[in-house]
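Just so you know, these numbers come straight off a predicted model, no measurement behind them. In this chain, residues are counted from 1 in sequence order.
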Amino acid sequence: MSQANETTVSVVTEFFIVGFPGLQPKFYSLVGVLLFIIYIAVITGNSLIVVLFVIERSLHKPMYIIMLSLSLSDIGFCTVALPKLISRYWFNDGYIGFYICLFQRQLIHYFGTLNSLIMMTMALDRYLAICYPLRYPVLMTNRTMRLLIGFSWVTALIAPTISLMQTVKLPFCGPNMIAHCFCDGSSINQLACADITLTSLNAYAVAMFVLLAPFSFIIFSYLSILVSVLHIANAQGRMKAFSTCATQLTIITIYYVPRFVVYSSTSIPNAQMNSSIRIALVMFYSLLPPVMNPFIYCIRIKEIRQFFIKWSVINSSLKVKKLPTAK
């Protein structure tokens with residue numbers, strides 16, 4: 001009897017991604033265009049970082065290995081999340097197969113976890129560079145950074161896989177409307193035809209661990225950096241150290257603070273957030289950093305600016321050489 005019930009329960013074969021709840025159909029095309037522009041900006045900007053790293057050997061340093069990894073992660077996340085959402089608003093094609101949705105869910109949470117670990121590695125790199133400047137070249141070599149980044153890419157699979165294994169065990173026999181812009185764990189679990197209290201608690205614990213462990217180290221590292229910077233006698237040196245960390249702190253704040261707000265709202269009694277606000281916050285912290293990262297780093301980092309200056313000078317000289325000479 002139990003086997004028969006199990007075979008008749010799982011009748012959901014596809015989900016429908018709602019997107020932004022309450023959005024009027026007349027705005028669908030506009031939202032689709034906006035998302036498409038964001039996607040192109042993310043792919044173009046982050047691909048530029050990848051190409052620069054490949055062709056410019058002077059960028060083969062620990063900090064740029066972090067930037068390369070972050071760019072690849074951002075490209076992966078947006079490629080997983082945005083095309084289907086764009087299709088939903090351009091062609092009203094919001095349907096996604098059951099197992100494809102689970103696969104998207106796995107990758108969404110994987111890249112989110114990976115970004116968190118990469119930012120922790122970034123904080124470690126800045127901590128060693130500023131607090132131990134003389135020992136930094138020995139402590140943080142290219143090989144060490146590659147090992148740390150490789151470790152991040154592998155271990156980022158653990159937390160999403162644990163949550164996915166719990167979701168796969170749930171029966172889905174009724175609603176299939178995902179009130180979100182992509183397949184995420186909580187939205188899928190809410191559609192299950194079973195008590196998801198334990199599953200939600202476990203998923204929340206895993207998510208908070210993934211966020212809190214790296215975030216705690218990031219707070220520790222930047223507090224240590226602050227103390228070290230304040231001990232620098234030279235005012236110019238203090239400004240340079242603060243400038244080095246300012247960009248990273250901005251991205252980290254955008255990435256973590258809205259996440260804590262969203263996750264806390266689902267667990268604190270009487271603190272339930274409006275679904276539209278929740279989804280808007282999720283899209284804010286998911287899409288803004290991938291758009292900002294390449295442009296901020298290209299503007300602020302000296303080596304990248306120098307590469308563009310050198311590239312511009314070479315192109316200008318080539319154009320001058322090609323100009324026809326007067327007879």
**Q** Can you name the side-chain hydrogen bond (donor to acceptor under 3.5 Å, both in side chains) partners of Ser163, sequence neighbours left out?
**A** none
**Q** Kindly write out the residues that satisfy ring-ring contact (aromatic ring centres under 6.0 Å, His included) with Phe111, not counting sequence neighbours, or none if the list is empty.
**A** none
**Q** If you define the side chain from C-beta out and look only at heavy atoms, does anything of Phe20 sit under 4.5 Å from Met283?
**A**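 Touching, per the 4.5 Å side-chain cut-off.
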**Q** State, without any angle test, whether Ser116 and Tyr256 hold a side-chain donor-acceptor pair at a distance under 3.5 Å.
**A** yes
**Q** Using the test side chain to side chain contact (heavy atoms under 4.5 Å, CB included), find all partners of Ile40 that sit at least two apart in sequence or belong to another chain.
**A** Phe36, Thr44
**Q** Can you see whether Ser186 engages Asp184 through a side-chain donor-acceptor pair at a distance of less than 3.5 angstrom?
**A**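 The answer is yes; a qualifying pair exists.
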**Q** Tell me which donor-acceptor pairs under 3.5 Å the side chains of residues 130-141 have, and how far apart each pair is, sequence neighbours excluded?
**A**
residue, atom, partner, partner atom, Å
Tyr136, OH, Asp125, OD1, 2.5
Thr141, OG1, Thr144, N, 3.2
Thr141, OG1, Thr144, OG1, 3.0

**Q** Please say yes or no: joined through hydrophobic side-chain contacts below 4.5 Å, possibly via intermediate residues, are Trp153 and Val210 part of one cluster?
**A** no
**Q** Is any side-chain heavy atom of Leu102 closer than 4.5 Å to a side-chain heavy atom of Gln106?
**A** no
**Q** Apply the test side chain to side chain donor-acceptor pair (under 3.5 Å) to residues Ser71 and Asn293: give CA-CA distance (whole Å), side-chain angles for both, the deciding distance (0.1 Å), then the verdict.
**A** CA-CA 8 Å; Ser71 292; Asn293 285 341; over 6 Å; no
**Q** When hydrophobic residues are tied together by side-chain contacts of less than 4.5 Å, even through go-betweens, does Val282 share a cluster with Val257?
**A**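 No: no chain of side-chain contacts under 4.5 Å links Val282 to Val257.
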**Q** Supply the members, apart from Leu198, of the Ile/Leu/Val/Met/Phe/Trp/Tyr cluster built from side-chain contacts under 4.5 Å; use none for a lone residue.
**A** none
**Q** What residues, two or more places apart in sequence or in another chain, satisfy side-chain hydrogen bond (donor to acceptor under 3.5 Å, both in side chains) together with Tyr285?
**A** none
**Q** Does any part of the side chain of Ser286, heavy atoms only, come nearer than 4.5 Å to the side chain of Phe77, both counted from C-beta?
**A**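 Phe77 reaches Ser286 side chain to side chain.
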**Q** Establish whether Val154 and Ile158 are linked, either directly or via other cluster members, by ILVMFWY side-chain heavy-atom contacts under 4.5 Å.
**A**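 Result: no, two separate clusters.
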**Q** Please write out which residues are connected to Phe16 in a hydrophobic cluster, directly or through intermediates, given that two of Ile, Leu, Val, Met, Phe, Trp, Tyr count as joined at side-chain heavy-atom separations below 4.5 angstrom.
**A**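 Answer for Phe16: Val18, Tyr95, Met177.
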**Q** With sequence neighbours excluded, what pairs up with Tyr110 under the ring-ring contact (aromatic ring centres under 6.0 Å, His included) test?
**A**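 Per chain and number, Tyr110 pairs via ring-ring contact (aromatic ring centres under 6.0 Å, His included) with no residue.
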**Q** Under 4.5 Å between any side-chain heavy atoms of Phe91 and Ile86, yes or no?
**A** no
**Q** Could you tell me if Arg259 sits above the aromatic ring of Tyr255, with its cationic atom closer than 6.0 Å to the ring centre and no more than 45 degrees from the axis?
**A**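 Verdict for Tyr255: a cation-pi partner in Arg259.
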**Q** Is a side-chain donor or acceptor of Ser73 paired with a backbone partner of Ser69 at a separation under 3.5 angstrom?
**A**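 Judged by distance alone, no pair lies under 3.5 Å.
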**Q** A side-chain contact here means heavy atoms from C-beta on lying under 4.5 Å apart; do Leu164 and Arg105 qualify?
**A**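 Leu164 reaches Arg105 side chain to side chain.
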**Q** Would you give the length of the straight line joining atom CG of Leu70 to atom CD1 of Ile75, rounded to the nearest 0.5 angstrom?
**A** 10.0 Å
**Q** Would you say Tyr204 and Phe209 are hydrophobically clustered, going by side-chain heavy atoms of ILVMFWY under 4.5 Å?
**A**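 No, no single cluster joins them.
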**Q** Which pairs with one or both residues in residues 11-119 pass disulfide bond (SG atoms under 2.5 Å apart), sequence neighbours excluded?
**A** Cys101-Cys183
**Q** Measuring from atom NE2 of His180 to atom CD1 of Ile17, what distance do you get when rounded to the nearest 0.5 angstrom?
**A** 10.0 Å
**Q** In terms of hydrophobic clustering (I, L, V, M, F, W, Y; side-chain heavy atoms under 4.5 Å; direct or indirect links), are Val168 and Ile162 co-clustered?
**A**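 Looking at the clustering, Ile162 is in a separate group from Val168.
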**Q** Does the side chain of Lys84 come within less than 4.5 Å of Ile100's, by heavy atoms?
**A**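 When only atoms from C-beta onward are counted, Lys84 and Ile100 do not touch, as no gap falls below 4.5 Å.
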**Q** side-chain hydrogen bond (donor to acceptor under 3.5 Å, both in side chains) with Thr199: which residues, sequence neighbours excluded?
**A**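 So Thr199 forms no side-chain hydrogen bond (donor to acceptor under 3.5 Å, both in side chains) with any residue.
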**Q** Check whether any side-chain N or O of His60 sits under 3.5 Å from a backbone N or O of Phe53 as a donor-acceptor pair, and report yes or no.
**A** yes
**Q** Tell me whether the rings of Tyr127 and Phe217 are parallel (<30°), tilted (30 to 60°) or perpendicular (>60°).
**A**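 Rings of Tyr127 and Phe217: perpendicular, over 60°.
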**Q** Side chains of Arg88 and Asn92 only: does a donor on one sit below 3.5 Å from an acceptor on the other?
**A** yes
**Q** With sequence neighbours excluded, what pairs up with Leu34 under the side chain to side chain contact (heavy atoms under 4.5 Å, CB included) test?
**A** Ile38
**Q** Have a look at Val291 and tell me which of Asn46, Val42, Asp74 forms a side chain to side chain contact (heavy atoms under 4.5 Å, CB included) with it.
**A** Val42
**Q** Apply side-chain hydrogen bond (donor to acceptor under 3.5 Å, both in side chains) to Trp90 and list each qualifying residue two or more places apart in sequence or on a separate chain.
**A**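 Trp90 satisfies side-chain hydrogen bond (donor to acceptor under 3.5 Å, both in side chains) with no other residue.
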**Q** If you measure from CE on Met67 to NZ on Lys61, what distance do you get to the nearest 0.5 Å?
**A**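 Nearest 0.5 Å value for the CE-NZ distance: 12.0 Å.
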